[in-house]
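Throughout, numbering of the chain's residues begins at 1 and tracks the sequence.
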Amino acid sequence: MPDRSFEHTVGFYEVQTPNGLVVLPLITVTLVQPSGMRVDLPLMFDTGASVTTLRDDLYPLLGVPSWDSGIPLQSETAGGIVPCYRYDATLELFGKAANCPVHLMHLPRNPLYVGLFGRAQIFDAFGFGFWESARELYITLTP
């Protein structure tokens, strides 16, 4: 039987708004730019996202000339099928890095996060546990 212990616990982000309490599973992922510079990005942990998806206005971080200069694709979202563009980028979480596909698309602007942390490539390097009632995300570096 594999050991399902976790080395890291990430509490959900909580903020009171005029419309009530907002609780989100946010994590900070480091994007390693082509120049070698590193940028920390707040992303929503999204087990339903196949690919990490960033807002279209973050294209300069990928070292590309425009948000729509990558490989054109269609992405199925909760709101329907929308256009996006695929790039490859190095993402790092808790010191582990992976070259991952990243989609840029028009996402609603949110002051708390800049995109969705998706499964492709990077989830393989970790084990995740998710406890909604405790509002915590558990992560192991040795899945």
Side-chain angles (χ1 to χ4, degrees), residues 4-143:
R4 299 264 196 277
S5 58
F6 298 94
E7 297 94 30
H8 301 279
T9 301
V10 177
F12 288 12
Y13 182 83
E14 296 184 23
V15 63
Q16 186 65 47
T17 70
N19 297 327
L21 184 65
V22 174
V23 181
L24 298 171
L26 300 181
I27 59 171
T28 300
V29 175
T30 300
L31 169 70
V32 181
Q33 297 178 283
S35 67
M37 297 282 294
R38 303 162 65 78
V39 178
D40 288 340
L41 302 174
L43 300 177
M44 185 171 356
F45 184 83
D46 186 351
T47 59
S50 302
V51 176
T52 295
T53 303
L54 303 177
R55 290 190 333 225
D56 58 314
D57 64 324
L58 299 178
Y59 72 88
L61 299 179
L62 299 175
V64 297
S66 66
W67 87 278
D68 57 357
S69 61
I71 299 168
L73 300 170
Q74 298 287 314
S75 182
E76 190 173 341
T77 70
I81 296 178
V82 297
C84 65
Y85 293 87
R86 182 193 162 154
Y87 302 89
D88 289 312
T90 300
L91 301 178
E92 185 178 294
L93 179 66
F94 292 111
K96 282 191 165 188
N99 189 33
C100 304
V102 172
H103 289 172
L104 292 182
M105 76 171 53
H106 295 299
L107 293 174
R109 301 309 191 243
N110 188 301
L112 303 177
Y113 59 92
V114 297
L116 307 173
F117 184 61
R119 298 184 316 270
Q121 294 350 81
I122 192 125
F123 270 39
D124 290 342
F126 301 94
F128 294 103
F130 192 86
W131 193 340
E132 183 69 30
S133 65
R135 296 183 174 151
E136 292 179 330
L137 172 66
Y138 306 100
I139 303 167
T140 181
L141 306 178
T142 55

Would you indicate whether the side-chain heavy atoms of Trp131 and Tyr138 approach each other to under 4.5 Å?
yes
Where at least one partner belongs to residues 15-25, residue pairs that pass side chain to side chain donor-acceptor pair (under 3.5 Å), sequence neighbours excluded:
none
For the residue pair Leu31 and Thr90, establish whether any side-chain heavy-atom pair is separated by less than 4.5 Å.
no
Is there a donor-acceptor contact under 3.5 Å linking the side chains of Asp40 and Thr30?
yes
Any chance you could lay out the side-chain contact (heavy atoms from CB on, under 4.5 Å) test for Met105 and Ser75, step after step, and finish with the verdict?
CA-CA 9 Å; Met105 76 171 53; Ser75 182; 3.6 Å; yes
Strictly by modelled atom types, are Thr140 and Thr142 linked by a side-chain donor-acceptor pair under 3.5 Å?
yes
Derivation of the side-chain contact (heavy atoms from CB on, under 4.5 Å) call for Leu73 and Tyr85
CA-CA 6 Å; Leu73 300 170; Tyr85 293 87; over 6 Å; no
Show me, pair by pair, the donor-acceptor contacts under 3.5 angstrom made by side chains of residues 41-54, not counting sequence neighbours?
from	atom 1	to	atom 2	distance (Å)
Asp46	OD1	Gly48	N	2.9
Asp46	OD1	Ala49	N	3.4
Thr52	OG1	Gly118	N	3.1
Thr53	OG1	Val51	O	3.1

Do you know the tightest heavy-atom contact between Phe126 and Leu93?
CZ-O, 3.1 Å
Got a donor-acceptor contact below 3.5 angstrom from the Arg38 side chain to the Gly36 backbone?
no
Spell out, as yes or no, whether a donor-acceptor pair under 3.5 Å connects the side chain of Tyr87 to the backbone of Gly70.
yes
I would like to know whether Phe128 and Phe123 meet ring-ring contact (aromatic ring centres under 6.0 Å, His included); could you show each step before the answer?
CA-CA 8 Å; Phe128 294 103; Phe123 270 39; 4.7 Å; yes
side-chain contact (heavy atoms from CB on, under 4.5 Å) for Val10 and Ile139? Distances and angles first, verdict last.
CA-CA 8 Å; Val10 177; Ile139 303 167; 4.0 Å; yes
Look up atom CG in Asn99 and atom CG in Leu91, then write down how far apart they are to the nearest 0.5 Å.
8.5 Å
Check whether any side-chain heavy atom of Cys84 lies under 4.5 Å from a side-chain heavy atom of Gln74, and answer yes or no.
no
State, without any angle test, whether Trp67 and Ser69 hold a side-chain donor-acceptor pair at a distance under 3.5 Å.
no
Thr9 side chain to Glu136 side chain, donor-acceptor N/O pair below 3.5 angstrom
no
Side chain Lys96, main chain Leu141, donor-acceptor under 3.5 Å
yes
Less than 4.0 angstrom from a charged side-chain N to a carboxylate O is my criterion; do Asp124 and Arg119 meet it?
no
Using 30° and 60° as the class limits, which term best fits the ring planes of His8 and Phe94: parallel, tilted or perpendicular?
parallel
In terms of heavy-atom contacts, Pro143 and Gly127 come closest through CB-N, 3.7 Å
Checking Leu61 against Tyr59 for the side-chain contact (heavy atoms from CB on, under 4.5 Å) test, could you report, in this order, the C-alpha distance in whole Å, the side-chain angles of both residues, the deciding distance, and whether it holds?
CA-CA 5 Å; Leu61 299 179; Tyr59 72 88; over 6 Å; no
For Gln121 and Pro101 the tightest heavy-atom approach is CG-CD, 3.6 Å
Does the side chain of Val82 come within less than 4.5 Å of His106's, by heavy atoms?
no
Under 4.5 Å between any side-chain heavy atoms of Tyr13 and Val23, yes or no?
no
Which atom pair, heavy atoms only, marks the closest approach of Ala89 to Val102?
CB-CG2, 3.8 Å
Rounded distance [0.5 Å steps], CZ in Arg55 versus CG in Leu104:
11.0 Å
Beyond-backbone contact of Glu132 with Phe12, side-chain heavy atoms, under 4.5 angstrom
yes
